[in-house]
Amino acid sequence: MRVRDVQSLLAGAFMMPSSDAPEDDEDSGLPDQADHSRHNPASPSSATPDHPRHPSASPTDNDPFSAPASPPESSPPSLPSPSASAPTPLPAGPTPQVPRSMAVPSRDGELRRTFPAFVARPADDSRFAESWWGNAWVTALEEGALDVKRLARGRGYAQEGHVDAITVTPGLVLAYVWGSRPRPYRVQVRLRTLDDADWTRFLDAVAERPGHIAALLDKEMPQSLADCGVPLLPGPGDLDPRCSCPDRGHPCKHAAALCYQTARLLDADPFVLLLLRGRGERQLLDALSRLSAARAARAAQEQQPAPLAGVRATEALDPERRLPPLPAPLPVPPHPEQPPVYPAAPGGPDPFALDQLATDAAARAHAMLGAGRDPVAELTLWQDAVRLAAARPGSGLTATTRALYASLAAATDRTPADLARAVAAWRQGGLEGLAVLEEPWDPPAGRFDRARPLLLAADLPAFRPWHNRLTHPRGHVQLRLGRDGLWYPYESEPGHDDWWPRGTPDLDPVGALTGLDPAGALDDLGFTPPEA
C-alpha cells in the first residue's frame with residue numbers, strides 16, 4: 001500500500017497543471033502579461049481595493065514580522081481523478097483574500113516606523129534618490145544584483161506604485177509588493193545592524209563637530225560621517241532580500257522594487273538608515289546630548305584654574321596704598337552673534353519664538369555694550385510689540401509671521417491689522433514714525449505754515465490742514481509733520497480714510513512727496529517734481 005502511495009505522489013508531482021490554474025510568470029525574465037491595474041493599489045485607473053487580513057499571511061500581534069504561510073496560489077494544483085471520464089466543473093469559490101496594508105501607525109514606536117505607500121511616478125522619472133546616501137543605497141542594490149532584467153522590472157514596479165506601506169525596524173525592511181497575482185507578496189530586505197563598538201565610534205564622530213548634529217536635525221547626512229570607519233551605508237552584497245514569490249533571483253523584481261522605494265525613504269530622512277543599523281532617532285539624540293555634556297564637563301575640568309587676583313588684607317587696609325587704575329574695557333564686538341538653532345520637541349517651546357527672543361536679546365545686549373543704555377527700556381508694551389514685529393525680515397506675511405503678529409496683537413489687545421500698520425510706521429521712522437501714526441498734535445507756527453506755499457509752488461492744489469497733517473483735497477496723499485521736524489508721507493485708497501505710511505520722511509514737504517511713485521501715485525494729482 002505504501003509503494004502505491006509513493007507512486008501516486010511521484011506521478012502527481014510531474015503532472016502539468018490544469019488549464020484553470022493561474023499562470024505564474026514571477027520566475028521568468030519576460031515582462032508581465034497580466035493586467036496589474038486590477039490589483040495595484042497605486043494604479044490611477046482603479047480604486048484602492050479593501051484587502052482583508054488573511055490568517056495565513058498577516059503578521060501576528062505578538063510578532064509583526066513572522067513569516068507567513070505559503071499563499072494559496074503557490075500550492076500545487078489538484079489533479080483530476082483517473083476514474084473520471086470528463087472533468088467536473090468546480091463551483092465558483094469565494095474571492096481570494098489578500099493581506100491588508102502593513103500601515104499600522106498605532107503600533108509604531110522608537111524602533112518601528114511605518115511609512116505609507118508612495119504614489120506612482122511618471123515613466124520618464126527614473127530617479128529614486130536625490131541625496132548622496134540615497135544614491136549609495138541604489139548603487140549597493142544594483143552592484144550586488146545578479147540579473148539586470150529583474151532590476152529593470154523591479155524599477156518599473158516601484159515607479160508604478162506596486163509597493164505597499166513600508167515598515168522599518170532594526171536590520172529589516174518589510175512590505176507587501178503587488179505582482180501579477182491577486183495576492184501581494186511579502187518582501188523583506190535584511191541588513192546587518194551595528195554593534196556597540198561601531199555605535200561608539202559613530203557617536204564620537206558626530207559629537208566631534210557641532211555641525212554634524214545640526215545637519216542630522218535638518219535631515220542631512222554629512223559625507224564625513226560615512227568616512228569615520230563605521231559601515232553606515234551598505235556595500236555590494238550587504239542587502240539580503242527575501243520574498244514569498246517562487247522566483248529565486250537575487251533579488252527578485254518584488255525585492256528590487258522594495259529596495260528602490262527604500263532609497264526614497266533614506267533620501268527624505270537619514271534616521272531611517274540609522275534605524276536600519278539598530279538605533280532609533282530619539283535614542284541617538286539622547287546619547288549625543290549626554291556625550292556632548294560629558295565632553296564639555298571633561299574639558300572644563302582639564303582647564304587649569306586661573307590664579308586668584310587680590311591683595312593681602314593688611315595691604316588693602318594700608319591708608320597710604322594707592323589703588324591701581326581699572327583695566328581697559330574689552331572692545332565691543334562689531335555685531336551681535338547669531339543664536340544657536342533650537343530643535344523642536346513635543347510639548348516644548350516654539351523654536352521660532354525662542355529664536356526671535358534670543359536674537360532680540362543679543363541685539364539689546366550689543367547696544368548696551370556700545371552705548372551704555374538699553375534702547376528699549378523706556379518703551380511701552382505696545383511699542384515693544386511693534387518693534388519685535390518690525391524686526392522680522394521680509395515684507396510678506398508668511399505662516400510664521402502671521403503667527404507672530406497674532407500672538408503680539410493678542411498680548412496688546414490690538415488686531416493684526418493694527419499691528420501691520422504700526423510696523424509700516426516703525427519701519428518708516430522708528431519710534432518717531434509710530435508717534436506720527438498714532439498721535440496728532442498742534443505744531444507751532446513756522447515750518448508747518450511754510451509747507452502750504454511750497455506745495456502750491458509745485459503746481460499742487462491747496463492741501464487741507466488739520467493739526468499736524470496736510471491732506472490733498474481730492475487725492476489720496478497726506479503729509480504729516482513729526483516732532484522731529486520731518487514730513488512723513490501717507491497714502492490711502494481714494495474715498496477712504498485708511499492711511500498707511502509710504503515712502504521716506506524728508507525735511508522738505510515736496511521732497512517727501514517726491515519719494516512716492518511720481519509716475520503712479522501722483523499723476524492724478526497733477527504733481528510735477530521740481531527740476532534739480
Note: Arg387-Asp384 ion pair, threshold 4.0 Å (strictly below) = yes
Search all heavy atoms of Trp199 against all heavy atoms of Arg277 and return the closest pair with its distance.
-> CZ2-O, 3.4 Å
So which heavy atom on Ala165 is nearest to which on Thr114, and how close?
-> CB-CG2, 4.4 Å
Looking only at non-hydrogen atoms, find the nearest pair between Phe115 and Val168 and report the distance.
-> CE1-CG2, 3.9 Å
Hey, is the main chain of Leu437 close enough, under 3.5 Å, to the side chain of Trp499 for a donor-acceptor pair?
-> no
Name the one of Leu266, Leu233, Leu265 that satisfies side chain to side chain contact (heavy atoms under 4.5 Å, CB included) with Trp137?
-> Leu266
If you measure from the Lys or Arg side-chain nitrogens to the Asp or Glu carboxylate oxygens, is any gap between Asp498 and Arg421 under 4.0 Å?
-> yes
Working for side-chain hydrogen bond (donor to acceptor under 3.5 Å, both in side chains), residues Gln261 and Tyr157 = CA-CA 10 Å; Gln261 296 293 54; Tyr157 267 27; over 6 Å; no
Should the pair Lys219-Asp267 be classified as a salt bridge under the 4.0 Å nitrogen-to-oxygen rule?
-> no
Does Ser407 use its side chain to pair, donor to acceptor, with the backbone of Ala403 at less than 3.5 Å?
-> no
Evaluate the side-chain proximity of Thr262 to Leu141: yes if any heavy-atom separation is below 4.5 Å, no if none is.
-> no
Within the distance-only criterion (no hydrogens, no angle test), does the side chain of Asn468 pair as donor or acceptor with the backbone N or O of Leu481 below 3.5 angstrom?
-> yes
Shortest non-hydrogen contact from Val189 toward Cys259 = CG2-SG, 3.7 Å
So, Glu110 side chain and Gln283 main chain: donor-acceptor pair closer than 3.5 Å or not?
-> yes
Side-chain heavy-atom pair Leu291, Val206 within 4.5 angstrom cut-off = no
